[in-house]
Amino acid sequence: LLKLILILILMKLKSLIVVLLCIVVCSSCEQPPIEAYAVLPQPQEINYIQGFVKLKDKPMVVYANELSNEALLLASYLKNDFAVEVTLEEGKDKGDVILLLDSTVLPDKKGGYVLEAAGSRITIKASTPEGVFNGVQTLRQIIKEREGRLTVQKALVTDYPAFSWRAFMLDEGRYFKGKEVVLNLLDRMAELKMNVFHWHLTDDQGWRIEIKKYPKLTEVGAFRDSSEINHFHSNVFDGKPHGGFYTQDDIKEVVDYAAKRHIMIVPEIEMPGHASAAIASYPWLGTTGKQIKVPCNFGVHYNAYNVADPRVIQFQGDVLEEVIALFPSPVIHIGGDEAPRTRWAVCPKCQALVKKEGLKADKKHTSEDRLQSYCMKRVEQFLNERGRQIIGWDEILEGDVAPNATVMSWRGMQGGIEAAKLKHDVIMTPNDYVYFDYYQSADKEQEPMAMGSCITVEKVYNFEPVADELADEEKKHILGAQANVWTEYIGTPEHVEYMMVPRMAALAEVQWMMPEKKSYQGFLNRLGSLAEFYKRDNVNYAKHILPEVVPAQTK
Ligand code: ACM
C-alpha cells in the first residue's frame, strides 16, 4: 500500500512538473501584441496574424516578367524611404518580397490586390500591374523599424477601391508651376492610390502647352506682365512678369512618369471661355478681332472663342490633334465652364450661326447657351471620331448636353445628380467640399489669402460623392471624386503643398473606402504615420492643421 501511495504521489508530482514546465515555456514564447497598420487609404480588409516578418538587410525582390516597372519602383521606394538596397530577380518564385500576377485575384475589382505578410516573406498579387502597384504603396506604409530591423506586422490584406476615378486637379493656367512640382504631385498621388491627374493647362492668364502649329500660343500666351494680388478685382498688381510652359517633350516625360505610377493624365484645354491667353496670341480667335494682352487680373473674363468662325473651328481641331497625340487618355477635358455669352450676343457671325442652326431660346436657356452646346457637341464629335470621349464642367448641361460627355460637377452636387439621371457618367468635385484653394481653417487671419469659404480636413473627409436620391442604376454613373487646386492666389510650389496636404489624405479615403467603413477618428489615428513621410520629404504641409487633428501619441 505504501508503494502504491508513493507511486501516486510521484505521478502527481510528474504532472505538476509538466504543468509548471508548460507555464514557463509558454510565458517565454509569449507573442507580441498585434500592431495595427496605419495605412492611408485604409484597406478594405485586414486579417492580422501573430508576429512580424523581419526583412533581411538586403532583401530579394522577385517578380513576374510583366512587373519589372513595379519591382523597380518598389526598389526605389525602399531605398528612398528606408535606405534599403534590394536584389531584384525576374521570373523566380522564391524571395523575401514576391510580386505576382494572378488572374484569379479580385478580377472584377480594378486596382485590387492581395498582400500577404506571413512566414518570412511578403507576397503581393493582383490580376493587373496596377493592382500590384497599389499593393506596393500599402507595403511602403506598413514597414516599420523594430529593434533595429525593418519588419512588417503579419497579416492578410484584401483591398480594392470604391471608385475608379480617384483624381486630383492642378491649375497651371493662373501660375505655371513647372515639371518638378508636377512630378512630385504625381508621387504624392501615387502614395495615396490616386489614379487620375487632371491637368488644367490653358486659361485666361496663361497657355501652358506647346502647340507646334500655333507657336504664338506659348511665345505670347504663356507670359503676362504682372499678376493681381490681394483679391479678385483689387486692381493691385505685383509688377512682376510671370510665365512658362511645357514643351511637348516635357509633356511626354510627365505622361510617361505618370503612366509608370498607373496615373492617367487628363489634359484640359478650355473652351469656349477662359480663352484670353489664346486670343492674345491670335486675335482672330476672339469675337472682336482686336489685339488684347494676356490678362494680369483674375476672375471670369469676357473673352470667348468666336465659335462661328471656320478658322476657330480649324484651330480647335488642330490643337486637339496635337493634344491627343501627346496624351493617351481615353478622355479629354474641354472645359465648358464660365463662358460668358455677352460677346456672342453682339457678334454678327455668332448671331448668323444661331439663326442658321435654329438655336432658339426657351424658358431655361438663351440662344447663346444653345450656341455653347452646339460648339461642345461639335468638339465632342471631332474627338469621338478619333476614339476619344469628352469631359466638361457642369455648365455643359445648359442647353443640350453633348451625347457621350462625362460631366464634372463643380457647382455643388446638383449638376452631377442631374447628369447621372440623364445617364451621363459623372465626376463629383463640388466646390463646397473639395476645392483646395479655399481656406482650410476657420481662423482666416492666420492663413495665407485664399478663396472665400473654409473647407476643413474633416469636411473633406465627410464628403460623400454618391447622393442618396439617385437610384441604384444612376449611382453607377458616379465614377468618383476629385479635388481641385485653382491657383489664382497660389503662386509657389510651397503654397500648393500647403493647400494640398493634409486635405489630400482625407480625399484619398473618400475615393478608396466604402462609405460605411469610413471613420474620421480612425483616419486621424492613421494620419500621424503619413505625416512622418511628409516630414521626411520636407513637404510644406499645413503643420498647424495636423496638431489639431492628429492625437498626440501618433504625432
Ligand atoms: C470652375 O471652378 N470654374 C470649374
Side-chain angles (χ1 to χ4, degrees), residues 165 167-175 196-208 228 231-233 266-278 295 297-305 331-342 369 372-373 375-376 379 390-399 401-402 405-419 424-440 449-455 459-460 463 465 479-490 496 499-500 503 507:
W165 186 282
F168 202 84
M169 188 216 82
L170 180 66
D171 162 23
E172 297 243 47
R174 276 46 180 267
Y175 279 97
V196 180
F197 175 48
H198 171 175
W199 207 359
H200 185 80
L201 282 165
T202 72
D203 215 301
D204 288 307
Q205 295 82 6
W207 184 283
R208 309 289 177 215
E228 189 173 37
H231 269 283
F232 284 10
H233 315 303
V266 174
E268 180 180 354
I269 307 297
E270 269 271 13
M271 58 186 80
H274 288 283
S276 306
N297 56 335
F298 299 110
V300 175
H301 283 256
Y302 291 107
N303 303 301
Y305 287 108
V331 282
I332 305 289
H333 202 306
I334 57 167
D337 63 317
E338 300 177 321
R341 321 290 198 226
T342 39
D369 290 338
Q372 156 134 352
S373 10
C375 145
M376 294 320 242
V379 175
I390 64 159
I391 302 187
W393 298 107
D394 59 45
E395 283 92 333
I396 65 170
L397 291 164
E398 292 162 5
V401 54
T406 297
V407 175
M408 198 166 259
S409 189
W410 72 278
R411 296 174 299 178
M413 308 268 288
Q414 207 44 47
I417 292 170
E418 200 185 309
H424 284 269
D425 284 343
V426 171
I427 315 300
M428 285 294 190
T429 178
N431 58 350
D432 46 349
Y433 280 95
V434 278
Y435 264 40
F436 287 3
D437 52 332
Y438 288 20
Y439 285 97
Q440 55 190 313
M449 194 184 63
M451 290 294 235
S453 56
C454 164
I455 299 179
K459 179 130 198 221
V460 176
F463 171 42
L479 302 186
Q482 162 175 319
N484 302 326
V485 183
W486 298 102
T487 62
E488 289 95 333
Y489 298 155
I490 306 176
V496 174
M499 300 308 277
M500 270 172 25
R503 287 188 287 192
L507 172 73

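Whatever order the structure lists ligands and atoms in, that order sets their numbers, starting from 1. Numbering starts at 1 and runs along the sequence shown.
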Begin from the C-alpha positions of Phe168 and Leu507 and carry the test side chain to side chain contact (heavy atoms under 4.5 Å, CB included) through to its verdict. CA-CA 9 Å; Phe168 202 84; Leu507 172 73; 4.2 Å; yes
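Between Ile455 and the choices Phe463, Tyr439, Tyr433, Tyr435, the side chain to side chain contact (heavy atoms under 4.5 Å, CB included) rule is met once, by Tyr435.
Remark: ligand 1 and Glu338 share an N or O pair separated by less than 3.5 Å (distance only, no angle test).
Ring geometry for Phe197 against Trp199 counts as tilted: the plane angle lies between 30° and 60°, on a 0 to 90° scale. Relative orientation of the Trp393 and Trp486 rings is tilted, given thresholds of 30° and 60° on the angle between their planes.
Every atom of ligand 1 is numbered from 1 in the order shown, and the set under 4.0 Å from a heavy atom of Trp486 is 1 (C), 2 (O), 4 (C). Residue contact check: Trp410 has heavy atoms under 4.0 Å from atoms 1 (C), 2 (O), 3 (N), 4 (C) of ligand 1.
In terms of protein heavy-atom proximity, atom 2 (O) of ligand 1 is nearest to Tyr435 OH, 2.6 Å. The nearest heavy-atom contact from the protein to atom 3 (N) of ligand 1 is Asp337 OD2, 2.7 Å.
Counted by atom type alone, Thr406 and Asp425 present zero donor-acceptor pairs between their side chains at under 3.5 Å.
Under 4.0 Å from ligand 1, not a single heavy atom of Met408 appears.
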